[in-house]
Enquirer: 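Dumping the structure here so I can ask a few things about it.
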Amino acid sequence: MNPDLKEKELLKGLALGDKKAVETIYKDNYNMVQSLVINNNGSAQEAKDIFQEAMIVLLEKARSGNFELNCQIKTYVYSVCRRIWLKKLQQYNRYSNEVESMVSTVPVEEDVEEYEKRDQEFVMMEKAIGSLGEPCKSLIEAFYIQKRNMQDIASQFGYTNADNAKNQKYKCLMRLKKLFFAQYKNGK
Amino acid sequence: MEDIQMLEAVERYIRGEMRPDERVHFEQLRKTNPDVDQMVVEHTLFIHQMNEVGELRKFKSALNEIHTDLAERGLINSDRLKGKAKVVYLWKRYKRVAAIAATIAGITTVTISLLVWSLSPNPDAKIIKDLSRDLDKVKKDQIVTKAAVNNLQNDIKTQYNPSIDYKSGGSGFLIDGKGLLITNLHVVRNARNIAIQNRKGAIFNAKVVFTDVQKDIAILKVDDDNFKSLTAIPYNISKTSADLAEPIFTLGYPRDSIVYGQGYLSANTGYKGDTLSCQIAIAANPGNSGGPVLNNNGEVIGILSTRQVSAEGVVFAIQSKYIHSVLTELKKSDTSYVKLKTPAASSLKGMDRTHQVKKIEDYVFMVKVN
């Protein structure tokens, strides 16, 4: 298959949540990123984290639909990882020589910034959910994330009827929204 | 109560579940009542955020699953799972195969018993025996399958990907056949990844289990399934100080191969009168740090640690009695080491040097650090 076409197919697969496509991209790019991070003062665990962040950036790009493939996936992933890793190194105040440039990079600053903003919101919500405590946490997750219906939830959580579950969920929701929006407005 | 109903309405509105007439009515309400409008805006943002969290969680767990899978299959250079995590992984991976095998086995058994039943309504001892042989066969098949899985596991294990570039290193020596090593703390300080390499070049992952900053001693433990326990350690760790002028020798890895060096004990104190160490005259280079210093009887009398930059051939070793005190501390801090015993006597007494070194070299490792 024409290599460009293959890359397009991979991105399409990624956007649609095709596991095979994710796996192929992962397999083709991981080692490169791991050596980048490890050779620049990082550990294998950090390499894994950085690479997975880059996969999320790539997913967003693929989903947005306006991702013009003006470079190879490899170049893009490498550029994103390099950018994120440089930032992390600065944050940790860890000394490193200028991160070596193995392949040419493309400008990804905006994409990385966009990702960081979203990630921050994600962390806020996770934190808010985490501080809810049980049974609120599971109740909210069952309804809003696993999107199960109230009847189902009521029987699993041992509520006598759906209305009781609904009441409880409402109370939990109010707390969660308060927790989340307090941070959200602070962050803005 | 009213609030709950309002919220339900807002959620149905956001999800587009309202009937057209209801929707018109609700939009009218939104226009006239700013509170309702505010609620819709806020809740839309909230729902959007929750959806994002859900999707991101899913994607992240998919990525982790793929990572583990690719690493186990050796398609990416990453550490493999160990212990319990590995079993969980293998179970997940093979549970479908196992389920199918179990189903087939079940169906076979049922079919056979049905056949037996229909052919011979009065089962006698012989048939029962046959049946059990059939079951035996199923069992044997299962054993074969299990062996295949085990082989696969072993295949996976024997590949090692030295993808990590180790930047610095030193030497270390075993104090226990199961993989407990002594080295200098300064060799492994700030390490993120530690590996040890034997004389033949085989590499094993290791981790630090105990450190003593003052004595500059670190205890490493091999953390690698490929590591095979070694038989009894040939040398023992001397509890007393060595004598002045006593001939000594060392083994270490100043370069990629193991290097032998010999000399004598020059002083019972170290740099500037340091009582923790002793001074030896020996040729040592960076990389020798952490290696054992032994006397003629094959007793470890110290850990080679530093050299004086301003003078040639002035090298310091940490006295071996402090290895014992560090081991005592280790036993106190971690009860799993309570039974740890170092050899009471050296088995190298009276041997010539060449034979001694031959016995020792398998117990001295290069310590690689990243």
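In what follows, every chain begins at residue 1, and chains take the letters A, B, ... in the order their sequences are listed. Nothing here was measured: the structure is a model prediction, and the numbers come from that model.
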Enquirer: Is it true that A:E141 and A:K137 have a side-chain N and a carboxylate O under 4.0 angstrom from each other?
Expert: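 A salt bridge is present here (some side-chain N lies under 4.0 Å from a carboxylate O).
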Enquirer: Do the side chains of A:K87 and A:E116 get close enough for a salt bridge, i.e. N-O under 4.0 angstrom?
Expert: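 Counted as a salt bridge, because a side-chain N and a carboxylate O are separated by less than 4.0 Å.
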Enquirer: Which answer fits B:E8, side chain, backbone, both or neither, if we ask what part of it has an atom under 4.5 Å from a heavy atom of chain A?
Expert: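 Only the side chain of B:E8 comes within 4.5 Å of chain A.
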Enquirer: Sort A:Y170 into side chain, backbone, both or neither according to what part of it lies under 4.5 angstrom from a heavy atom of chain B.
Expert: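 Just the side chain, heavy atoms under 4.5 Å.
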Enquirer: Output the option from A:Q45, A:K48, A:E126 having the highest count of non-hydrogen pairs under 4.5 Å with chain B.
Expert: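 Most heavy-atom pairs under 4.5 Å with chain B: A:K48.
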Enquirer: Is there a side-chain contact between B:L63 and B:K58 in this structure, where contact means two heavy atoms from C-beta onward sitting under 4.5 Å apart?
Expert: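 No - every pair of side-chain heavy atoms lies 4.5 Å or more apart.
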Enquirer: Out of A:K169, A:K147, A:Q146, A:K27, return the one with the most heavy atom pairs under 4.5 angstrom to chain B.
Expert: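 If we count pairs closer than 4.5 Å to chain B, A:K27 comes out on top.
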Enquirer: If you compare all heavy atoms of A:L179 against all heavy atoms of A:S131, which two are closest, and at what distance to 0.1 Å?
Expert: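 The pair with the smallest heavy-atom distance is CD1-OG, 3.7 Å.
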Enquirer: Identify which part of A:F181 has an atom lying under 4.5 Å from any heavy atom of chain B, answering side chain, backbone, both or neither.
Expert: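 Answer is side chain: those atoms of A:F181 sit under 4.5 Å from chain B.
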Enquirer: Side chain from CB out, backbone as N, CA, C, O: work out which of these in B:F46 comes under 4.5 Å of a heavy atom of chain A, or both, or neither.
Expert: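 Both parts, heavy atoms under 4.5 Å.
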Enquirer: In terms of heavy-atom proximity below 4.5 Å to chain B, should A:F180 be classed as side chain, backbone, both, or neither?
Expert: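 Side chain only.
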Enquirer: What part of A:L14 gets closer than 4.5 Å to chain B, counting heavy atoms only: side chain, backbone, both or neither?
Expert: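 When you check distances to chain B, only side chain atoms of A:L14 fall under 4.5 Å.
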Enquirer: What's the shortest heavy-atom distance between A:I145 and B:G54, and which atoms?
Expert: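 Between these two residues, the closest heavy atoms are CG2-CA, 3.7 Å.
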Enquirer: Establish, yes or no, whether a centroid distance under 6.0 Å links the rings of B:H67 and A:F51.
Expert: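 Ring centres of A:F51 and B:H67 not closer than 6.0 Å.
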